[in-house]
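Heavy atoms only: backbone and side chains are in, while hydrogens, waters and symmetry mates are out. Letters A, B, ... mirror the listed sequences (proteins, then strands); counts begin at 1.
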2 protein chains.
Amino acid sequence: MARGRATLKDVAERVGVHLSTVSRVLNAKPGYVVSEEVAEKIRTAARELGYKTNPFAYSLRVNRSFTIGVLIPDLTNPVFPPIIRGIERTLAKKGYIAILADSDNDPAEEERILERLKARQTDGLILATAHRADELVADCLEEGYRVVLINRSVEAAGVSSITNDDHFGIAQAVRHLASLGHRQIAHVAGPQAISTGYQRYLAFREAMQAEGLAVDDNLIAFCDAFAEKEGRRAMAQILARSRPLSAVVAANDLLALGCYDAIEAAGRRCPEEISVTGYNDMPFADKFKPPLTTVHIPLFEMGIEAAEAMLALLDTENPEPRQVRLRPELVVRGSTARAPAGI
Amino acid sequence: MARGRATLKDVAERVGVHLSTVSRVLNAKPGYVVSEEVAEKIRTAARELGYKTNPFAYSLRVNRSFTIGVLIPDLTNPVFPPIIRGIERTLAKKGYIAILADSDNDPAEEERILERLKARQTDGLILATAHRADELVADCLEEGYRVVLINRSVEAAGVSSITNDDHFGIAQAVRHLASLGHRQIAHVAGPQAISTGYQRYLAFREAMQAEGLAVDDNLIAFCDAFAEKEGRRAMAQILARSRPLSAVVAANDLLALGCYDAIEAAGRRCPEEISVTGYNDMPFADKFKPPLTTVHIPLFEMGIEAAEAMLALLDTENPEPRQVRLRPELVVRGSTARAPAGI
DNA sequence: TATAGCTACGCAAACCTTTGCGTAAACCCG
DNA sequence: CGGGTTTACGCAAAGGTTTGCGTAGCTATA
């Protein structure tokens, strides 16, 4: 509420000057001078009256909201909270705030949310929802919005993005499994319409070859979403094909969790019979049963980077897209073990 | 950006009427009539020009931001994302948006954030950070802000709050343990400055008596925060006292996770030697090692209720505080087992 | 002593909307 | 046909800020 907040006019009247003078004193722009005597009077009056600049009037005047829309595909995925925290913190340092929205992986909802955010005159958009060929992103760019993509990227160039090196990460996972003696390695792939799902799939094939291992398409299944349920379905599908396998690399942690379920449901054991790797190192990954071997990516830092990229975009008139790719790192836990003999 | 958006004036000029007429047509208030002919022309012109009402000017005029501040103590606690999702969804239906802020359990930061939110003229505040005697909350109320508390409540009356029945929930947990033959039950209590921590502690004592069990103060330890680390510390402390015990009820899931660690570090086993219960049924509680027996509370629904309570407050001039207490439910999983014999 | 140049501040427009009030024209009724 | 009511719309203020421009008084220079 804060009804009846003091305005520039109020403090101007109190001091006996014009409100424009008050404005300039309080904003202290170069090129405009006012006697220190008057300035001091104005400052104390402002303090006494508890003057706070009215954000509506200010925004109306400068045509900026100092608000950034943050669009997340699934807030309940523990990967995102650290990212969001990073975003929010660094945005706050510059006087910006984050408006959070969660599309729940629904493209239609996503579009509605974007409409709302645009209607609100957000100064920029941080999107974690991008598809590889995302028209929504293209539209935003075309309309002149500042956009930075996080985690996922789009194929079209010219967008700022903060991602991790999927190829490097997957290669580490595969190498780890190979070094444990695994030769029949399955892949529970993410949605191919999303950059991470696609790149990790490509990376899996490459890494297998690099290790001199054959990739068997029967040991690959694709998921429609990065969700536990899909991971379970895909893993069950692979298991049902009755090919020998001793390990599976899942395209992310949620899928890996689904793999756990499917493996247990099939009466197999992880890691004794089947090793599992995830991706993201989401919070609590170390608490699972078994603790998940996964590829760690610096979530909090990604949030910071995204916010900084956004602030950079906001600063300049003709924004240069900035692409940051962070290095992931394998963290070995209990879901991977030596390949069982005789497989 | 959206530079050069069409304004009321633009569409007025296009049609050849005054902009006030356009405003009334587009807003369609009763008590003001305009011929259907003109109205139709205005509507199509508005559509063609892509008119969207300027939120800054609108807010300035009506002195409302249609923005609700949501303050969370720890975003990385998986309890909150479902709550936030519930809040955001139901707020969106009425044209409100949520500004999310995360205090990271830091009271000073909390104060800073509240300052920022107030400066932004948020129409209301949903707080998940309340302490039992919270001056910040009292201040907000006094300043006329609409406030609804979620999860935690304050001792002072007159605040809207959405909570769960801590006594009922804890009683269920204790009864469950008692029915499994446990008699020496420990309690890893939450911060006593927070309603949930305090009430669950009280509830624990009551429930023990109700089951005819003695409560041994040596089997109780207090945590300074609802964090895994604290849970580990507290549980280790209890274990170090070398009293016989076969179960522990933790004041929330994160603390329970800490108990897991301490139990393992002490070379004991859960649930074979020591049963553990949590509280909240946070996402992935069923994936832990072992799957956590805990008290489920309807997180998503709490978010919805909180948002609805806020919308109700916003509607009326003299807001009647609404207090909702949701019923929790024990969900039994793998972290509780029959008490070992001979203890 | 003019003139130019500062200094220190005021004036008013602009941003865009909502809304109370005013006012023509059209209508109704007796 | 004259008076009053209704219909349909315009006018302008108000909300609070920023900012280009104007200006009165003073000082320094020629």
Chemist: Whole-Å distance between D:dG10 P and B:I42 CD1?
Modeler: 8 Å
Chemist: Can you tell me how far C1' of C:dA14 sits from CG of B:N54, to the nearest Å?
Modeler: 13 Å
Chemist: Roughly how many Å is it from CD in B:E13 to P in D:dG10, rounded to a whole number?
Modeler: 12 Å
Chemist: A:S59 near the nucleic acid: base, sugar-phosphate alone, or nothing, with a heavy-atom cut-off under 4.0 Å?
Modeler: nothing
Chemist: Among the candidates D:dG16, D:dT17, C:dA8, find the nucleotide nearest to the side-chain atoms of A:Y51.
Modeler: D:dT17
Chemist: Provide, to the nearest angstrom, the distance between the CZ atom belonging to B:F66 and the C1' atom belonging to C:dT17.
Modeler: 13 Å
Chemist: When we call it a touch if two heavy atoms are under 4.0 Å apart, what does A:S35 touch: a base, just sugar-phosphate, or nothing?
Modeler: sugar-phosphate
Chemist: With a non-hydrogen cut-off below 4.0 angstrom, is B:T7 in contact with a base, only sugar-phosphate, or nothing?
Modeler: sugar-phosphate
Chemist: Would you kindly compare A:S20 and B:S20 by the position of their nearest DNA chain D nucleotide and give the one closer to the 5′ end?
Modeler: B:S20
Chemist: On DNA chain C, does the nearest nucleotide to A:H18 precede the nearest nucleotide to B:K9 from the 5' side, or the other way round? Give the residue.
Modeler: A:H18
Chemist: Side chain of A:V33, heavy atoms from C-beta onward: which of C:dT17, C:dT7, D:dT17 has the nearest atom to it?
Modeler: C:dT7
Chemist: Going by side-chain contact (heavy atoms from CB on, under 4.5 Å), A:E110 matches just one of A:D104, A:D102, A:L127, A:L71. Which one?
Modeler: A:L71
Chemist: Starting at atom OH of A:Y32, determine the distance to atom P of C:dC6, rounded to an integer number of angstrom.
Modeler: 17 Å
Chemist: Of all the choices, D:dT17, D:dG16, D:dG10, which nucleotide is nearest to the side chain of B:V17 once you look at every atom?
Modeler: D:dG10
Chemist: For A:E36, I'd like to know if atom CD has over 12 heavy atoms of other residues, nucleotides or ligands within 6.0 Å.
Modeler: yes
Chemist: Aromatic contact between A:F66 and A:Y96, with the criterion being ring centroids under 6.0 Å apart: yes or no?
Modeler: yes
Chemist: From C-beta outward on A:T21, which listed nucleotide comes closest to its side chain: C:dG10, D:dT17, C:dT17?
Modeler: C:dG10
Chemist: What is the distance, rounded to the nearest whole Å, between atom CD of B:E36 and atom C1' of D:dA8?
Modeler: 13 Å
Chemist: Rounded to the Å, how far apart are A:N27 CG and C:dC9 P?
Modeler: 16 Å
Chemist: Check every atom of D:dC9, D:dT19, C:dT17 against the side chain of A:S23 and return the nucleotide holding the closest atom.
Modeler: D:dT19
Chemist: Would you indicate which nucleotide in D:dC9, D:dC11, D:dT19 comes nearest to any side-chain atom of B:R24?
Modeler: D:dC11
Chemist: In whole angstroms, how far is the C1' atom of D:dT17 from the CZ atom of B:R120?
Modeler: 15 Å
Chemist: Do B:D139 side-chain atoms and B:L136 backbone N/O form a donor-acceptor pair below 3.5 Å?
Modeler: no
Chemist: Tell me, yes or no, whether the heavy-atom count around A:E40 atom CD, taken from other residues, nucleotides or ligands under 6.0 Å, exceeds 12.
Modeler: yes
